[in-house]
Amino acid sequence: MRLDKYLKVSRLIKRRTVANEACDAGRVLVNGKAARASYDVKVGDQLEIQLGNRIITVEVLAIDAYANRETASNLYRLLSEEKVARPPMEGEGE
């Protein structure tokens with residue numbers, strides 16, 4: 001299954017287009033390497049997703065073409081979730 005579709009089906013990212021854009025921007029890593037939206041996700045892959053000021057690391061446990069709200073979290077195991085400080089924006093703190 002494509003990476004962008006997996007991120008949507010597993011509900012790690014709400015929309016496939018957002019998942020696609022995150023991949024294109026290099027905010028999704030698979031096994032420590034930046035991955036394109038077309039990457040073929042396999043069971044055992046580790047995904048690191050940067051969403052805003054959070055970095056979520058999950059391990060792929062299963063791949064399913066459809067998952068509802070109750071079963072979506074069974075597709076992955078959360079390994080870590082951390083908040084990162086965002087760099088100050090230009091003009092802040094002056």
Side-chain angles (χ1 to χ4, degrees):
M1 174 182 292
R2 287 175 54 105
L3 177 58
D4 57 347
K5 185 169 183 181
Y6 181 82
L7 292 171
K8 187 231 182 259
V9 169
S10 64
R11 296 178 184 243
L12 288 166
I13 297 181
K14 287 186 180 190
R15 292 186 181 85
R16 189 169 177 179
T17 54
V18 175
N20 200 319
E21 291 166 0
C23 292
D24 290 345
R27 295 192 313 260
V28 179
L29 306 179
V30 177
N31 301 323
K33 297 179 184 174
R36 298 179 65 128
S38 61
Y39 174 82
D40 190 29
V41 176
K42 299 172 226 25
V43 173
D45 282 345
Q46 280 194 355
L47 309 178
E48 185 176 303
I49 308 151
Q50 182 180 352
L51 298 169
N53 65 342
R54 296 183 312 152
I55 297 177
I56 300 171
T57 306
V58 299
E59 179 183 2
V60 177
L61 298 179
I63 297 172
D64 197 354
Y66 176 79
N68 60 27
R69 186 179 306 161
E70 291 79 30
T71 61
S73 63
N74 296 335
L75 298 178
Y76 62 90
R77 178 177 59 205
L78 184 65
L79 300 177
S80 71
E81 182 174 0
E82 59 186 88
K83 288 193 174 196
V84 294
R86 67 174 179 85
M89 294 180 68
E90 192 174 316
E92 282 186 345
E94 291 180 8

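Keep in mind that what you see is a predicted model, and the values were worked out from it rather than measured.
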CZ of Arg16 to CG of Leu3: how many Å apart, nearest 0.5 Å? 10.0 Å
Could you state the interatomic distance from CD (Gln50) to CD1 (Ile56), rounded to the nearest 0.5 Å? 10.5 Å
For Asn20 and Thr17, which I'm curious about, is there any donor-acceptor pair between the side chains at under 3.5 Å? no
Give, for atom CG of Asp64 and atom CG of Leu75, the distance between the pair rounded to the nearest 0.5 Å. 6.0 Å
Using every non-hydrogen atom in the two residues, find where Ala67 and Ala72 come nearest and quote the distance to one decimal. CB-CA, 3.8 Å
Side chain Asp40, main chain Arg2, donor-acceptor under 3.5 Å: no
Considering all heavy atoms, the nearest Ile13-Ile49 contact: CD1-CG2, 4.1 Å
Minimal non-hydrogen separation, Cys23 against Ala37, with atom names: CB-N, 3.6 Å
How close do Ala35 and Val30 get, counting heavy atoms only, and between which atoms? CB-CG2, 3.5 Å
Quick one: pull up CD in Glu82 and CZ in Arg54 and give me the separation to the nearest 0.5 Å. 11.5 Å
Which atom names give the shortest non-hydrogen contact between Asp4 and Ala19, and what distance separates them? O-CB, 3.7 Å
Do Val43 and Val41 belong to the same hydrophobic cluster, where Ile, Leu, Val, Met, Phe, Trp and Tyr are linked whenever their side-chain heavy atoms lie under 4.5 Å apart, directly or via other members? yes
Applying side-chain contact (heavy atoms from CB on, under 4.5 Å), run through Val18 and Leu7 and close with a yes or a no. CA-CA 10 Å; Val18 175; Leu7 292 171; over 6 Å; no
Before you tell me yes or no, could you show the steps for Glu48 and Ile55 under side-chain contact (heavy atoms from CB on, under 4.5 Å), namely the whole-Å CA-CA distance, both residues' side-chain angles and the distance that decides it to 0.1 Å? CA-CA 7 Å; Glu48 185 176 303; Ile55 297 177; 3.5 Å; yes
CD1 of Ile63 to CG of Asp45: how many Å apart, nearest 0.5 Å? 7.5 Å
Taking the side chain as every heavy atom from C-beta outward, state whether Lys42 and Val60 have any pair of such atoms under 4.5 Å apart. no
Evaluate the side-chain proximity of Leu47 to Tyr6: yes if any heavy-atom separation is below 4.5 Å, no if none is. yes
Do Leu51 and Leu78 sit in one hydrophobic cluster, given that two such residues count as connected whenever their side-chain heavy atoms are within less than 4.5 Å of each other, even indirectly? yes
